[in-house]
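What you see is a predicted model; the values in this text were computed from it and never measured.
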Amino acid sequence: MTTEGADIRGDVLESILSHVPLIHILPASHVSKSWNHAVFSSLRYFSCPKPWLFLHCQNSRPPYASSSSFAYDPRSNHWLRIHNKNPSLQYASAIRSSSNSTLLYMLSPSKFSFSFDPFHLTWHHVDPPLVWRTDPVVALVGRHVIVAGGACDFEDDPLSVEIYDLDARRWDSCDAMPAILKDSAASAWLSVASSSKTLYIMEQVSGVTYSFDPTSRIWSGPLDLRHDENIFFSVIGIFGDNLVLVGLLGNSENVKDVKVWEVKGKSFEILEEIGIMPKELVEKLKGEDASINSIKISCTGDFIYIYNPREPEELVMCEIGGEGVCRWGSLKNPAVSDWSRVAEKMVLTSADVGLGDLGKAAESGKVRFSICE
């Protein structure tokens, strides 16, 4: 910071800071007490922080090294490259994410590793679940990590459920997933959303939905969220305290619309349409392929990020504002330039990020950031 810059004060300084990327505001908050006040006043009244989207790319074959990580800050409309220098993190298996949360995890026969802070500075390494699984549903609900389904063929119960209690630091078994999910009890076939108290799982093709309370250990359902017969594929997320449903309408060869609904009511009987993706963004979602078989989403706060796993070059962003008004946009995926270099997989997380989170990341020495050009 220059000496001349330190003379800028009041509303002028706060207005200037509202245009500065959050990663650069962090050092500005340490210039002086007046600048610190201006930083937090600017974030409160001029340009509030918005949830970040994180892309985690990894070699899809052993040794599973992480190849690149990126973060998108919608407040400043900047992509950041995250340079990971975490010496304690060992990639023993493929990295995976839990839909609509900050949770990253790795599961091997000898260890279950997971992390849920925004920048994944801290990893927890515990014994694996008793049942060996290849593609389970994994979700963080309050202080519980739920691992359900996805069991290997030689296991007795493909629907088994285990819960890791973060406070007690132990695994407990509980009632299995509903029997109707026997042929689809794997994360490849299910969409998952979790609030602080409840896990929701939905068959992506049929729309059959169940909920699970890790405190009472009770499954509830089935419910059908498909109130529109034109939906052929759908996924769920959390918006505020309610579920959102993002659906593809038409068929895979002719996707007519991509719509967003808010699901309300005790029995999820109300499906309120809150957004329709603009046609030009549907075309971007298709990419070079004329069809869309599936989509994936990541939700935090008022933001939904949508992408086509077969054509990941473009990410579509939906910001849900007051009275359910949607603001749509698209983002070029910065990881795609490396996509053809090695066989890679990409997973998404999203999280609320503030100056405190950035400060912890900077002080940890485990990551550093650079703005993508």
Side-chain angles (χ1 to χ4, degrees), residues 21-23 43 47-56 69-80 82 95-105 114-122 137-143 145-146 191-202 234-246 258 260-263 274-275 277 295-307 309 312 315-322 324-331 333-335 346-358 360-361 367 369:
L22 202 62
I23 191 67
L43 293 176
S47 183
C48 299
K50 297 180 178 181
W52 285 26
L53 173 70
F54 295 84
L55 308 182
H56 312 272
S69 296
F70 299 87
Y72 174 69
D73 174 11
R75 175 187 171 276
S76 62
N77 192 30
H78 278 94
W79 280 103
L80 304 174
I82 303 176
I95 196 167
R96 302 181 183 185
S97 64
S98 179
S99 300
N100 313 304
S101 78
T102 62
L103 182 64
L104 284 180
Y105 65 94
F114 58 93
S115 173
F116 49 83
D117 60 276
F119 293 103
H120 302 101
L121 304 175
T122 302
V137 166
V138 178
L140 177 67
V141 180
R143 298 292 293 171
V145 179
I146 301 170
S191 181
V192 180
S194 58
S195 66
S196 60
K197 297 181 179 179
T198 307
L199 167 69
Y200 302 94
I201 59 172
M202 181 187 70
S234 57
V235 290
I236 53 176
I238 296 292
F239 167 61
D241 294 325
N242 294 323
L243 277 174
V244 289
L245 178 77
V246 182
V258 180
V260 181
W261 294 268
E262 188 171 359
V263 185
I274 56 176
M277 185 181 294
I295 54 172
K296 292 188 176 182
I297 65 172
S298 186
C299 301
T300 296
D302 298 337
F303 281 79
I304 304 174
Y305 297 95
I306 307 167
Y307 78 103
L315 304 163
V316 174
M317 176 182 68
C318 175
E319 182 180 7
I320 306 173
V325 177
C326 292
R327 182 177 69 86
W328 294 90
S330 66
L331 311 169
N333 186 340
M346 180 182 75
V347 297
L348 277 64
T349 58
S350 51
D352 289 312
V353 174
L355 280 188
D357 300 302
L358 283 171
K360 287 179 182 179
V367 296
F369 307 95

Rounding to 0.5 Å, atoms CG (Asp73) and CG (Leu80) come to a distance of 6.5 Å
When rounded to the nearest 0.5 Å, the distance separating NZ of Lys50 from OG of Ser76 is 10.0 Å
query: Taking the six-membered ring for Trp, are the ring centroids of Phe303 and Tyr72 within less than 6.0 Å of each other?
result: no
Could you walk me through whether Ile295 and Tyr307 pass the side-chain contact (heavy atoms from CB on, under 4.5 Å) test, one step at a time? CA-CA 6 Å; Ile295 54 172; Tyr307 78 103; over 6 Å; no
Does any non-hydrogen side-chain atom of [Y] lie less than 4.5 Å from one of [X]?
X      : Y      : value
Leu243 : Met202 : no
His56  : Leu104 : yes
Trp261 : Val244 : no
His78  : Ile23  : no

Between Ile297 and Cys299, is a side-chain contact (heavy atoms from CB on, under 4.5 Å) present by the stated rule, with each step listed?
CA-CA 7 Å; Ile297 65 172; Cys299 301; 3.7 Å; yes
**Message:** Under a 3.5 Å cutoff, is there a donor and acceptor pairing between the side chains of Ser97 and Thr349?
**Reply:** no
Scanning both residues in full, the closest heavy-atom pair of Ser115 with Leu121 reads OG-N, 4.5 Å
Correct closest heavy-atom pair for Ser98 and Tyr105 would be N-CE2, 4.2 Å
### Task
Determine, step by step, whether Leu140 and Phe114 satisfy the side-chain contact (heavy atoms from CB on, under 4.5 Å) criterion, reporting the C-alpha distance in whole Å, the side-chain angles of both residues, the deciding distance to 0.1 Å, and the verdict.
CA-CA 10 Å; Leu140 177 67; Phe114 58 93; over 6 Å; no
Partner of Thr102 under side chain to side chain contact (heavy atoms under 4.5 Å, CB included), picked from Phe116, Phe119, Phe54, is Phe116
Check: side-chain contact (heavy atoms from CB on, under 4.5 Å) between Val137 and Ile146: does it pass, once the steps are laid out?
Finding: CA-CA 8 Å; Val137 166; Ile146 301 170; over 6 Å; no
Query raised in the report: Is the side chain of Asn333 donor-acceptor paired with the backbone N or O of Pro312 at a distance under 3.5 Å, no angle test?
Result: yes
Q. Does Asp357 reach the main-chain N or O of Gly354 with its side chain, forming a donor-acceptor pair under 3.5 Å?
A. yes
